[in-house]
K.L.:
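Sharing a structure with you now.
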Protein chains: 2
Amino acid sequence: MRWDALSKETCSVARAVSVIGDRWTLLILRDCFLRVRRFEVFQDRLGITRHILADRLRKLVKSGVLARAQYQSRPRRYEYRLTPKGLDLHPVLMSLVHWGDLHMAGRNGRPVLHRHTRCAHDFDPVLACSECGEAVTAKDVRVRPGPGASSDILPKELSS
Amino acid sequence: MRWDALSKETCSVARAVSVIGDRWTLLILRDCFLRVRRFEVFQDRLGITRHILADRLRKLVKSGVLARAQYQSRPRRYEYRLTPKGLDLHPVLMSLVHWGDLHMAGRNGRPVLHRHTRCAHDFDPVLACSECGEAVTAKDVRVRPGPGASSDILPKELSS
DNA sequence: TGTCAAGGTTCTATTTTGGAACTGACGACG
DNA sequence: CGTCGTCAGTTCCAAAATAGAACCTTGACA
């Protein structure tokens, strides 16, 4: 299966993965949320090769997650900023950070603290239900086909 | 930078990405949450090559996300199940699904619906603050170094 | 004229992946 | 007995992606 074949799958995860399912892309996005915007800064922080960085930034722009904006003329210089579509990835990154903090942290504890400015506390992200507001765990969720489903999206046992 | 170098980074995202930052791994995990457990079923559903599937399953077992369990003897057959560590990835996958639904869905709408069994409604995942319970957006969050921070974890502008 | 900076591109060598065939332990069929 | 089918992989080779390093371009500055 090719990269671009993934984006034509019915599944939302497959389509999302076709955009961000790459280790460098995820690390680039992490830095974007830390307000990194410039090619050289990404390169220094990530240790990624310039070739691949250019490629990933191009793909992220093409998919509408980042926007390339000129921040000076003469000489022309560009920076990369999260679009609204890119900002919507915040929950994905926050969930990833939290999982890493829980299961992969070193003995010194978490490397970064997140403060919720509305309540002024350091917090952990909690996945809540949009309907009742309670926290959701894997066992509380049942899946079923939606309007955009194709016949093979769920395994046989679940498609009833 | 090599794969295994990533897991030695201080950043929780980098460590998480060293485990799940791969398109196939994410798709395998999606299927795990749909209760797929067997080699052949993964292979049929994903269209992944058997070689790569075996490699990714091995890595997920090694990192403690999946457990390999014998489900019959004669002939010996094994299946792969999410461990508690793996189940903790549920918010990551849910966030990814939701982003895909929002920004990448086809014209027929979302392919899969999620029902919260506690309140019996179809729902969207919302990222909430563990301290005040309110929904969190990217703009409501400030980051700062935590106990496990290294000097280079945040860009210069934010390390104050 | 020479140097520096940002934001790339080009080159080759190494790694990873795709695609297909093969293995090995069994059970069932005829 | 011989053959077929299933499941969980492994092996092989060709094609694609990545790493690492050097190079290019535009313009500022001295």
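Only heavy atoms go into these numbers, but all of them, side chains included; no hydrogens, no water, no symmetry mates. Letters go in sequence order (proteins before strands), and every chain restarts at 1.
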K.L.:
Looking only at side-chain N and O atoms, does B:Arg68 come under 4.0 Å of OP1 or OP2 in D:dG9?
P.N.:
yes

K.L.:
Could you state the CD-C1' distance from B:Gln72 to D:dG9, rounded to the nearest angstrom?
P.N.:
15 Å

K.L.:
Whether A:Asp152 and B:Arg45 form a salt bridge (side-chain N of Lys/Arg under 4.0 Å from carboxylate O of Asp/Glu) is what I want to check.
P.N.:
no

K.L.:
Taking only side-chain nitrogens and oxygens of B:Arg56, does any of them come within less than 4.0 Å of OP1 or OP2 of C:dT17?
P.N.:
yes

K.L.:
Between the base of D:dA8 and the side chain of B:Arg50, is there a donor and acceptor pair under 3.5 angstrom?
P.N.:
yes

K.L.:
Measure OH/B:Tyr80 against C1'/D:dC7 and give the value in whole Å, please.
P.N.:
11 Å

K.L.:
In terms of the angle between their ring planes, are B:Phe42 and B:Tyr80 parallel, tilted or perpendicular, with boundaries placed at 30° and 60°?
P.N.:
perpendicular

K.L.:
Is there a side-chain polar atom (N or O) of A:Tyr78 under 4.0 Å from OP1 or OP2 of D:dT26?
P.N.:
no

K.L.:
Calculate the interatomic distance between A:Asp22 atom CG and C:dT17 atom P; express it in whole Å.
P.N.:
11 Å

K.L.:
What is the distance, to the nearest angstrom, from the CD atom on A:Gln70 to the P atom on C:dG7?
P.N.:
11 Å

K.L.:
How close or far is atom C1' of D:dT18 from atom CD of A:Gln43, stated in whole angstroms?
P.N.:
14 Å

K.L.:
Could one point to a donor on the side chain of A:Arg77 or the base of C:dA6 with an acceptor on the other under 3.5 Å away?
P.N.:
yes

K.L.:
Looking only at side-chain atoms of A:Ile52, point me to the closest of D:dA8, C:dT17, D:dT18.
P.N.:
D:dT18

K.L.:
Where the side chain of B:Arg58 is concerned, which of D:dA19, D:dT10, C:dG7 is the nearest nucleotide?
P.N.:
D:dT10

K.L.:
Rounding to a whole Å, what distance do you find between B:His51:NE2 and C:dT16:P?
P.N.:
10 Å

K.L.:
Can you confirm if the NZ or CZ of B:Arg68 lies within 45° of the ring axis of B:Tyr78 and under 6.0 Å from the centre of its six-membered ring?
P.N.:
yes

K.L.:
Looking only at side-chain N and O atoms, does A:Tyr71 come under 4.0 Å of OP1 or OP2 in C:dG7?
P.N.:
yes

K.L.:
For the pair made of CD1 in B:Ile48 and P in C:dG18, what is the distance, rounded to whole Å?
P.N.:
7 Å

K.L.:
For A:Phe42, which contact category applies under a 4.0 Å heavy-atom criterion: base, sugar-phosphate, or nothing?
P.N.:
nothing

K.L.:
Rounded to whole Å, please give me the gap between CG in B:Asp44 and P in D:dA8.
P.N.:
11 Å

K.L.:
Kindly confirm or rule out a cation-pi arrangement of B:Arg38 over B:Tyr71, judged by NZ or CZ under 6.0 Å from the six-membered ring centre and within 45° of its axis?
P.N.:
yes

K.L.:
If you check every side-chain atom of A:Trp24, which of D:dA19, C:dG7, D:dA8 has the closest atom?
P.N.:
D:dA19

K.L.:
Record whether the side chain of A:Arg76 comes under 3.5 Å of the base of D:dG27 through a donor-acceptor pair of N or O atoms.
P.N.:
no

K.L.:
Does a donor on one side chain sit under 3.5 Å from an acceptor on the other, for B:Thr10 and B:Ser150?
P.N.:
yes

K.L.:
Around atom CZ of A:Arg115, are there more than 12 heavy atoms of other residues, nucleotides or ligands at under 6.0 Å?
P.N.:
yes

K.L.:
Looking at D:dA19, D:dA8, C:dT10, which one has an atom nearest to any side-chain atom of A:Arg23?
P.N.:
D:dA19

K.L.:
Of the listed nucleotides (C:dG8, D:dG9, D:dA28), which one gets closest to any side-chain atom of A:Pro75?
P.N.:
D:dA28

K.L.:
Could you tell me whether the side chain of A:Arg74 has a donor or acceptor atom within less than 3.5 Å of a complementary atom in the base of D:dG27?
P.N.:
no

